[in-house]
Amino acid sequence: MPELQRLTPDHAAAVLVFERENREFFAASVPDRGDAYFDHFAERHADLLAEQATGTVHMHVLVGDDGEILGRFNLYDPADGSAELGFRVAEKATGRGLATAAVHRLFEVAVTDYGLDRLTAAAAETNHASRTVLTRTGFRPVGERLLKTGGPGITYVRDLTA
């Protein structure tokens, strides 16, 4: 059974494989990370871990039984008991309920490890898979917003105290 783990330096190689293998798949629904991300991955990974050490982000990976990364689940900008959820799942791991299960597990971690009581998220109107995960895990739509891509998105919120 896949396990949600906090991102560590040991995950670097597997995360790079995950990002490379799914680059085209991800680019269909979110902005491409660009060649520089892959060319300088080691530095970027180290920077993310340094940022995580400050507590301004909490990054997690969904790790399969064989050590393969199946997804990334991150909590951004934690403050005042709230953070924003962002996630991506490998193409071959979609449709199996893994994202839904990982988000549910992340709720537990958010409360017990990070003291959060509320999460927000956003998904492009056209990203039906992410919107489905959000609604299946109890997020409720609360409005619309323009995403970083420039496209329309839906904002969601999930109370973790219920």
Cationic N near anionic O, under 4.0 Å, [X] to [Y]:
X: E68; Y: K92; result: yes
X: R88; Y: E19; result: yes
X: R145; Y: E125; result: no
X: D35; Y: R23; result: yes

Do the side-chain N and O atoms of H60 and R72 include a donor-acceptor pair separated by under 3.5 angstrom? no
How about H58 and Q52: does a side-chain donor come under 3.5 Å of a side-chain acceptor? no
About how many Å separate NE2 of H45 and CE of M59, when rounded to the nearest 0.5 Å? 7.5 Å
One should read off an interatomic distance between N74 CG and L7 CG, to the nearest 0.5 angstrom, of 7.5 Å
Heavy atoms from other residues, nucleotides or ligands near [atom1] of [X] exceed 12 (cutoff 6.0 Å):
X: E24; atom1: CD; result: no
X: E144; atom1: CD; result: no
X: D80; atom1: CG; result: no
X: R136; atom1: CZ; result: no

Mind jotting down which residue pairs meet the ring pair (Phe, Tyr, Trp, His ring centres under 6.0 Å) criterion with at least one end in residues 81-100? Sequence neighbours excluded, please. F73-F87
From the list T120, T137, L106, side chain to side chain contact (heavy atoms under 4.5 Å, CB included) with L85 holds only for L106
L62, N22, V61 screened by side chain to side chain contact (heavy atoms under 4.5 Å, CB included) with I69, the one that passes: V61
With sequence neighbours left out, write down each residue that passes side-chain contact (heavy atoms from CB on, under 4.5 Å) with R158, or none if nothing qualifies. F107, F139, L160
Determine whether T155 and P141 make a side-chain contact, defined as any pair of heavy atoms from C-beta on separated by less than 4.5 Å. no
Looking at every non-hydrogen atom in both residues, tell me the closest pair between F41 and A12 and how far apart they are. CE2-O, 3.3 Å
Nearest heavy-atom pair of T161 and D117: which atoms, and what distance? CG2-CB, 3.5 Å
